[in-house]
Number of protein chains: 2
Amino acid sequence: MQLTVLGCYAATPRTLTNPTSQVLEINNHIILIDCGEGTQVELRRHKIKFSRINHIFISHLHGDHFFGLPGFISTMRLLGREKELHVYGPKGIKEAITLLLKLGDSWTNYPLLFHELSSKASELVFEDSKISVATIPLDHRIYTNGYLFEEKIGKRKLNIKAATEYGIDKAYYQNIKNGKDVTLDNGEVIVNSKVTFDPPKPKSYAFCSDTVYDESLAEKIKDVDVLYHESTFLESELELATKTKHATAMQAAKVARDANVKTLVLGHYSTRYKSIELFKEEASTIFPNVLLANDGKTFNF
Amino acid sequence: MQLTVLGCYAATPRTLTNPTSQVLEINNHIILIDCGEGTQVELRRHKIKFSRINHIFISHLHGDHFFGLPGFISTMRLLGREKELHVYGPKGIKEAITLLLKLGDSWTNYPLLFHELSSKASELVFEDSKISVATIPLDHRIYTNGYLFEEKIGKRKLNIKAATEYGIDKAYYQNIKNGKDVTLDNGEVIVNSKVTFDPPKPKSYAFCSDTVYDESLAEKIKDVDVLYHESTFLESELELATKTKHATAMQAAKVARDANVKTLVLGHYSTRYKSIELFKEEASTIFPNVLLANDGKTFNF
């Protein structure tokens, strides 16, 4: 699982900081999460092929999380895209994009499919043989969802060494890969697990931005491998955080601790602070494994 | 008159090229012309104060000319703007911006005034004591206007040396500045022009993008000082230019020549060409004074 942070700063794009957008590579899916202004340029900068992105998940309709989407969708048309593009986001996103394209008389020539969200309960919004994606309802100033991305358990892999030792003929290998046991000529049954490796443990990633501190969030993302939780502010601005329905680094750490996540990634920083290291220092006082998102940074999990 | 080109490339924003946006400083007005994605970051990069911009003129509603506008308008709110912002652009622009802000529950806290255009004839859309702005109807794939910015003739300036030589008392200086003649104690009348300098010749700027080659355009922009005319293509792509309702560098030069402009600035280049110098070479074959716009370039006229 690989996470590339295209932008992780709050409010407005600046010369050195981008608004929220991330690319998550998970089980061969390339997923775009949020799409602030400038996202398409950051994708180019990181040489991520637009054509590999088939699913876009938008958390909420504040500009710093979706004003790059109309341009991205338009560029896909100019690049000659033909395959489906799925956009998941709050109700209203379809009307907005449709209106902008209509005004430019430039509707897409590829199928653009909107999956509009309005439920306040978690929903499974995408699933295939490789991953599932569910919403994580968040409490922000407007209707907002985080997203929980989970790998499906993969197939067991053939252990050629073990199979050879048991004297199993290669003709049976496909059966073994398909999970079957093998009966030897002498009648002995070799159970599948003896000639296969366990599949890699499925990974999970929870994207939670933007949100006020919410104690109940931990329950919804229990035991995830990686939690990206917004930390717009430090505890010194707790009152402002609460008022604007954002969280502090300390609060993000509390969620990570209570949810028993493996790794916490902080982001969505206000640009008022001198160094983002301050966020890590604060969060690390109560949760050990804290990473700092930053524009252009790639994490491998 | 100063023109700062924030972006002058066609189609989509890229790592090294920006879509259309310009800042025109004319007679103490700071005007934003078009607002492709990324414009607000380019404004920051060039240290142009957002608060000094009170008028935005949008040519047409293709994304590369206005997808940066929602973000710019939102940022103005975050920066605490209080004074009016006037946006001129095709009918529909108000609905688009209003919808985007409404979805984010983030209406501006400053007066945002739209001046929607739908006439196919030239209209005077702004005028004060310093400048006037009129539309230049263009022929593109969707409803499009160029804009003609013209300085008003300024006041004559006091020529202190001449006034002293005539022995005029300082008490009369304000009258002279106001255009009055002066009667000396001996009854001699000193006409105003003898003790004043001519005001600077008023400058004019015509922004024409996007447009197909239109012979009749020259008549509408006769004798302007500076013409910015799109040249998406070279003559080798004349057919494509005509089909997509864009112009070639040669065609831009024809308009400049027929309109008897002083300076032609080329821009809105397709990124298919190796060097933008090719545009200048082509245009220079029939018009002498050709400048090339480029992102970040500032021209003083």
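So you know, we letter chains A, B, ... as the sequences are listed, proteins then strands, and number each from 1.
- Contacts of B:Lys220 classified as side-chain hydrogen bond (donor to acceptor under 3.5 Å, both in side chains), with partners at least two apart in sequence or in another chain: none.
- B:Leu103 and A:Ala96 get closest at one heavy-atom pair: CD1-CB, 3.5 Å.
- Contact residues of residues 58-69 of chain B toward chain A are B:Leu61, B:His62, B:Phe66, B:Phe67, B:Gly68 (heavy-atom distance under 4.5 Å).
- Counting non-hydrogen atoms of other residues, nucleotides and ligands closer than 6.0 Å to NZ of B:Lys297 gives a total above 12.
- Other residues, nucleotides and ligands contribute over 12 non-hydrogen atoms within 6.0 Å of the CG atom of B:Leu240.
- In the displayed structure, A:Leu16 atom CG is contacted under 6.0 Å by at most 12 heavy atoms of other residues, nucleotides or ligands.
- When heavy atoms are compared at a cutoff of 4.5 Å, A:Thr144 does not approach chain B at all.
- Scanning both residues, B:Gly38 and A:Glu37, for their nearest heavy atoms gives N-OE2, 2.7 Å.
- Of the two parts of A:Ile142, only the side chain, counted from C-beta on, holds a non-hydrogen atom closer than 4.5 Å to a non-hydrogen atom of chain B.
- When A:Lys102, A:Arg141, A:Glu95 are compared by the number of non-hydrogen pairs under 4.5 Å with chain B, A:Glu95 comes out ahead.
- Of all residues spanning residues 70-87 of chain B, those with a heavy atom less than 4.5 Å away from chain A's heavy atoms are B:Pro70, B:Gly71, B:Ser74, B:Thr75, B:Leu78, arranged by number.
- Using non-hydrogen atoms only and a strict 4.5 Å limit, the part of residues 42-49 of chain A facing chain B consists of A:Arg44, A:Arg45.
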